[in-house]
Amino acid sequence: MAPGGGGGGAGAKGGGGRKRKFLPHGKPVRKGAYPLRPGVQGFFITCDGGRERQATREALSLLDSFYEDLVDGKGSDEKPKGIPDKPLNKKIKFEDSDSSDDEDEDPKEKKQRVEDPPVSEQIEHKETADEPKESTDKPKESTDKPKESTTKQKESTERNIDDLIDEDLKELGDRKKRLFASLDSGCNGCIFIQMHKRAGDPGPVEIVQNMMSSAVSTRKHMSRFILRVLPAEVACYASEEEISKAISPLVEKYFPTECPSGHKFAVLYEARSNTGIDRMKIINAVAKSVPQPHKVDLKNPDKTIIVQIAKTICMIGVVERYKELAKFNLRQLTSSESEK
């Protein structure tokens, strides 16, 4: 009995070294990032498999930079007031210096220096000017009170700045108030960045178009793991009825019936981790939602309707110059082969 009991005690001690993890009572436990859901807008990004975390970091920094460029570009042409076009730096020369720079001195400056009175006369003039200052020393006592008010104003401004900093930190900590936040797409090699768009700010389409145009013009490598960046203006469940309902505001925005000539458009369909949806049914449902003045042209479309399905979520966006910009592939646009 003793050896058996000792062995059981040793096993209990050995097992007791590990920390036991318990679920919090009455609270759901979340594992991983927030999942992709209907009703959001943002960016659907493809990346190298197994590099989703690194790609999300790159995507967040890229989107922040291009968003700031678009916002700051509105008033970039204006010149700030009060700044002169030419510098105001002047060359100062001392009378007692024996430098060789006197040869480069202008003759006008030499005349002014020669015509100045001697030092003794300047000292007498200063003494006479300092005499009436004795009567003006008394009013200084009255000027001490405004100094107290200025110190109070400084303290109030410092407090206001601290309050603003605290508010910014709270917004960064609150996920709902962030401008860009990552969501779990549920697919390998794919990430989704949600955008909380504010009134008057550029949308996902404007940011992606700016990113691709700058990639074409600069040919600089922007990322290491990101492949394609596609805007998602609408997200819904992957079904014919839901897609036809969700795409109606995009059709009114990009394909108005008032346009006499009409636009040429094409539908791009891609599905991941979903084999239960018929490809042609979705394409026909999207094409039928566009009114009659506009026509389908798969070779040279003016606008491309992008339909991306990841599991049970469908993301839709409308872009221009899709084929010209290498299907929005950053790696191809910035590679050396594309330059050739």
Worksheet item: Under the salt bridge (charged side-chain N to carboxylate O under 4.0 Å, His left out) test, which residues partner R57, sequence neighbours left out?
Response: none
Discussion item. With a 4.5 Å cut-off on side-chain heavy atoms, are V290 and I305 touching?
Written reply: yes
Practice prompt. List in chain and number order the residues that pass side chain to side chain donor-acceptor pair (under 3.5 Å) with E233, two or more places apart in sequence or in another chain; answer none if no residue qualifies.
Written response: Y254
Discussion item. Taking the basic N atoms (NZ, or NE/NH1/NH2) and the acidic carboxylate oxygens, is any pair closer than 4.0 Å for R331 and D48?
Written reply: yes
Check residues 237-247 and write down every donor-acceptor pair under 3.5 Å in which the side-chain atom is one partner and the other belongs to a residue at least two apart or another chain.
| unit_1 | atom_1 | unit_2 | atom_2 | d |
| --- | --- | --- | --- | --- |
| S239 | OG | E242 | N | 3.4 |
| S244 | OG | E240 | O | 3.1 |
| S244 | OG | E241 | O | 2.7 |

Worksheet item: Got a sec, which residues hit side chain to side chain contact (heavy atoms under 4.5 Å, CB included) with E52, two or more places apart in sequence or on another chain?
Response: C47, N188, I191
Discussion item. With a 3.5 Å distance limit and no angle check, can you tell me whether S182 reaches the backbone of T56 through a side-chain donor-acceptor pair?
Written reply: no
Discussion item. Rounded to the nearest 0.5 Å, what separates atom CZ in F180 from atom NZ in K197?
Written reply: 11.5 Å
Worksheet item: Residues two or more places apart in sequence or in another chain: which of them pass side chain to side chain contact (heavy atoms under 4.5 Å, CB included) with R37?
Response: V40, L183, Q194
Item to complete: State, with a plain yes or no, whether a side-chain heavy atom of I226 is found less than 4.5 Å away from one of E58.
Response: yes
Worksheet item: Under 4.5 Å between any side-chain heavy atoms of I316 and I306, yes or no?
Response: no
Worksheet item: ring-ring contact (aromatic ring centres under 6.0 Å, His included) with F255: which residues, sequence neighbours excluded?
Response: F265, H294
Discussion item. I need the R219 CZ to S217 OG distance, nearest 0.5 Å.
Written reply: 9.0 Å
Fill in: For D64, all residues meeting salt bridge (charged side-chain N to carboxylate O under 4.0 Å, His left out), sequence neighbours excluded
none
Worksheet item: Other hydrophobic cluster members with L227, side-chain heavy atoms of Ile/Leu/Val/Met/Phe/Trp/Tyr under 4.5 Å, chained?
Response: none
Worksheet entry | Rounded distance [0.5 Å steps], CG in L333 versus CG in L325 | 6.0 Å
Worksheet item: Hey, what do you get for SG (C236) to CD1 (I313), rounding to the nearest 0.5 Å?
Response: 8.0 Å
Worksheet item: Is there a donor-acceptor contact under 3.5 Å from the side chain of R279 to the main chain of Y269?
Response: no
Fill in: Pairs satisfying side-chain hydrogen bond (donor to acceptor under 3.5 Å, both in side chains), at least one member in residues 321-330, at least two apart
R228-Y322, R321-E324
Worksheet item: Can you tell if the side chain of L230 reaches within under 4.5 Å of the side chain of Q308, non-hydrogen atoms only?
Response: yes
Worksheet item: Are K281 and N284 close enough that some pair of their side-chain heavy atoms sits under 4.5 Å apart?
Response: no
Worksheet item: Would you say the side chain of K220 lies within less than 4.5 Å of the side chain of T334, judging by non-hydrogen atoms?
Response: no
Fill in: For D302, salt bridge (charged side-chain N to carboxylate O under 4.0 Å, His left out) partners two or more places apart
none
Discussion item. The criterion is salt bridge (charged side-chain N to carboxylate O under 4.0 Å, His left out); which residues satisfy it with K295, sequence neighbours excluded?
Written reply: none
Fill in: Close side-chain approach of K311 and N274, heavy atoms under 4.5 Å
no
Worksheet entry | Side-chain heavy atoms of Q54 within contact of R224, under 4.5 Å | no
Give the table of side-chain donor-acceptor pairs shorter than 3.5 Å for residues 203-216, with sequence neighbours excluded, one pair per line with atom names and distance.
| unit_1 | atom_1 | unit_2 | atom_2 | d |
| --- | --- | --- | --- | --- |
| E206 | OE1 | G203 | N | 3.0 |
| Q209 | OE1 | E320 | N | 3.1 |
| S213 | OG | Q209 | O | 3.0 |
| S213 | OG | N210 | O | 2.9 |
| S214 | OG | N210 | O | 3.1 |
| S214 | OG | M211 | O | 2.7 |

